[in-house]
2 protein chains.
Amino acid sequence: MAMSFEAGFKVLVVEDDPLIAEDLRILLCDNGYSVVVAHAKGEAVMHLTANKPDLVLLDINLGGGSTGVDIARWINANHPIPFIYLTSYADQTTLQQAKDTHPSAYLLKPFTGPDIKVSIEIALSNFYDSSATSPGLFDISILNSYLDSPLSEREIEILNGLNQGLSNKGLADNLFISENTVKSHLKSIFEKLNVKSRTEAIVRIRQLPLD
Amino acid sequence: MAMSFEAGFKVLVVEDDPLIAEDLRILLCDNGYSVVVAHAKGEAVMHLTANKPDLVLLDINLGGGSTGVDIARWINANHPIPFIYLTSYADQTTLQQAKDTHPSAYLLKPFTGPDIKVSIEIALSNFYDSSATSPGLFDISILNSYLDSPLSEREIEILNGLNQGLSNKGLADNLFISENTVKSHLKSIFEKLNVKSRTEAIVRIRQLPLD
DNA sequence: ACCAAACTCATACTTTTGGGTGATTTTTTT
DNA sequence: AAAAAAATCACCCAAAAGTATGAGTTTGGT
């Protein structure tokens, strides 16, 4: 099944350098992807929620405060889709942080057109084929069908964060709420899942046939 | 006496070559399966009825009259459980016959430990899809192949416990060691996995292509 | 016999989690 | 508009988890 992912796939490029961004845009367009470009985290998040792209190319070294890793974490917690890091260098700390966000690929500049194309193809097919390995979003309706009392949307978001191994602090930062609020949500989540700890919660939901 | 987390799945190996049979037996035992070996059809059928294994590994080219396909047909007709073909070559006729018996997998020699483990896991989970799936033991060698410094056996045991959502107390009770010892092990596990908490550890290992 | 690695455990301390209670603000539904 | 549900947050307390350090005991290999 040599399926092609080119037709109609939306790619979000997050790159603060306008020259590289434009290069990428042209390259991707030439390959049949529809492309949106963002230059900063806020813009990226906006496009992610509004346009729901199928894949993201992330410059890991964005100017300003937030980095590609921040965006990756946001993606994992809120809107899990495959993303590929683009970077000009790799220091160990950044690399480890990057790895922890489970990117589909990690391309070191200078990369070629074929590099990107192949990486995108692989990323897309891996992500949308194997439901088992993807630490994906939980379908709220399916998940709730197993529970006595249903989880709210926010609770699902928290649960997704848990499932990525985030701490309470991490959850709070990701969702822009206080740690106390996270605890509050967690408490009801635990009740509803009938578990007593975050680890039990993870085990519980992962053993469910959600895929 | 080591393992406290056996999956308890019984595997029947049907293989006329004693060397390969023994290799398989060891490999499977190491992965926590209990293993029975048969060398011919009659013996196989005997074990199938008497021991009721959960899965069968079938050499497709048995010496003598009957083949693995014959046994597969018997299984389908009399005692439907998942089975996997093992074969050194694939001629078209045999292959087609084999396909018609709806095997769970078809492994070409030379196959590796991971090959078999993965195929078995998939076969079992597909076949017994419902609830109490095996808590998924980790293959120490596979897991270690991803790590800079390898986990010891004891550490793997702890990790398996973590993966089931056990608390430190729970781990200590299960392994008959003190909670302090558990913490001690946990500390080195976290270092080796390069994580900072049990939840991160779980996420980390589950994201690996081990099961 | 000796060494190294693995396993064991303790004590003390810090940080993170989880539980309980209660309250305010949105949002949604009736 | 009133009621209900969801989301937000605070404060306090207790339990669990994690860190640091040091040390005794097995076990396997040279």
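Residue numbering restarts at 1 for every chain, and letters A, B, ... go by the order of the sequence lines. All values reported here derive from a predicted model rather than from experimental measurement.
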Verdict with reasoning, B:Ile60 to B:Leu86, per side-chain contact (heavy atoms from CB on, under 4.5 Å): CA-CA 6 Å; B:Ile60 212 170; B:Leu86 309 173; over 6 Å; no
Extract from the structure each pairing of a protein N or O with an N or O of nucleotides 28-30 of chain C at less than 3.5 Å, listing the distance.
none

Can you check the B:Ile158 CD1 to C:dC9 P distance for me, whole Å? 11 Å
Does some side-chain heavy atom of B:Glu15 sit less than 4.5 Å from a side-chain heavy atom of B:His39? no
Under the side chain to side chain contact (heavy atoms under 4.5 Å, CB included) test, residues paired with A:Ser178 that sit two or more places apart: A:Asn180, A:Thr181
A:Asn180 CG to C:dT21 P: how many Å, rounded? 17 Å
When the nearest nucleotide of DNA chain C is assigned to B:Pro150 and to B:Glu179 on a heavy-atom basis, which residue is associated with the more 5' position? B:Pro150
For B:Leu151 and C:dA5, give me the distance from atom CG to atom P, rounded to whole Å. 16 Å
Near DNA chain D, under 4.0 Å by heavy atom, which residues of residues 181-198 of chain A? A:Thr181, A:Ser184, A:His185
Taken to the nearest whole Å, CD/B:Glu153 to P/C:dT8 is 11 Å
Does the side chain of A:Ile202 reach to within under 4.5 Å of the side chain of B:Thr199, using non-hydrogen atoms? yes
Roughly how many Å is it from CD1 in B:Ile177 to C1' in D:dT26, rounded to a whole number? 15 Å
Taking atom C1' of C:dC7 as reference, at what distance in whole Å does atom CD1 of B:Ile156 sit? 15 Å
Using five pairs at each end of the helix from C:dA1-D:dT30 to C:dT30-D:dA1 to define an axis, what is the angle between those two axes, to 10°? 60°
Taken to the nearest whole Å, CZ/A:Arg154 to P/C:dT25 is 19 Å
A:Ile71 and A:Ala44 have their tightest heavy-atom pair at CD1-CB, 4.1 Å
Hey, which of these two, A:Phe176 or B:Ser167, hits DNA chain D nearer its 5' end, going by closest nucleotide? A:Phe176
So A:Ile158 and A:Leu175, side-chain contact (heavy atoms from CB on, under 4.5 Å) or not? Walk me through it. CA-CA 8 Å; A:Ile158 305 258; A:Leu175 300 174; 3.7 Å; yes
Name the atoms and distances for all side-chain donor-acceptor pairs under 3.5 Å in residues 17-29 of chain B, with sequence neighbours left out.
{"unit_1": "B:Asp17", "atom_1": "OD1", "unit_2": "B:Leu19", "atom_2": "N", "d": "2.8"}
{"unit_1": "B:Asp17", "atom_1": "OD1", "unit_2": "B:Ile20", "atom_2": "N", "d": "3.4"}
{"unit_1": "B:Glu22", "atom_1": "OE1", "unit_2": "B:Arg25", "atom_2": "NE", "d": "3.1"}
{"unit_1": "B:Glu22", "atom_1": "OE2", "unit_2": "B:Arg25", "atom_2": "NH2", "d": "2.9"}

Mind calculating the distance between NZ (B:Lys169) and C1' (C:dT17) to the nearest angstrom? 18 Å
Around atom CG of B:Asp173, are there more than 12 heavy atoms from other residues, nucleotides or ligands closer than 6.0 Å? yes
Residue list, side chain to side chain contact (heavy atoms under 4.5 Å, CB included) with A:Val36, at least two apart or on another chain: A:Leu12, A:His47, A:Asn51
Is it true that the side chains of B:Asn168 and B:Arg198 contain a donor and an acceptor less than 3.5 Å apart? yes
Nearest non-hydrogen partners of B:Ala201 and B:Leu162, listed with the distance: CB-CD1, 4.1 Å
Between B:Asn168 and D:dA16, is there a contact of a side-chain N or O with OP1 or OP2 at under 4.0 Å? no
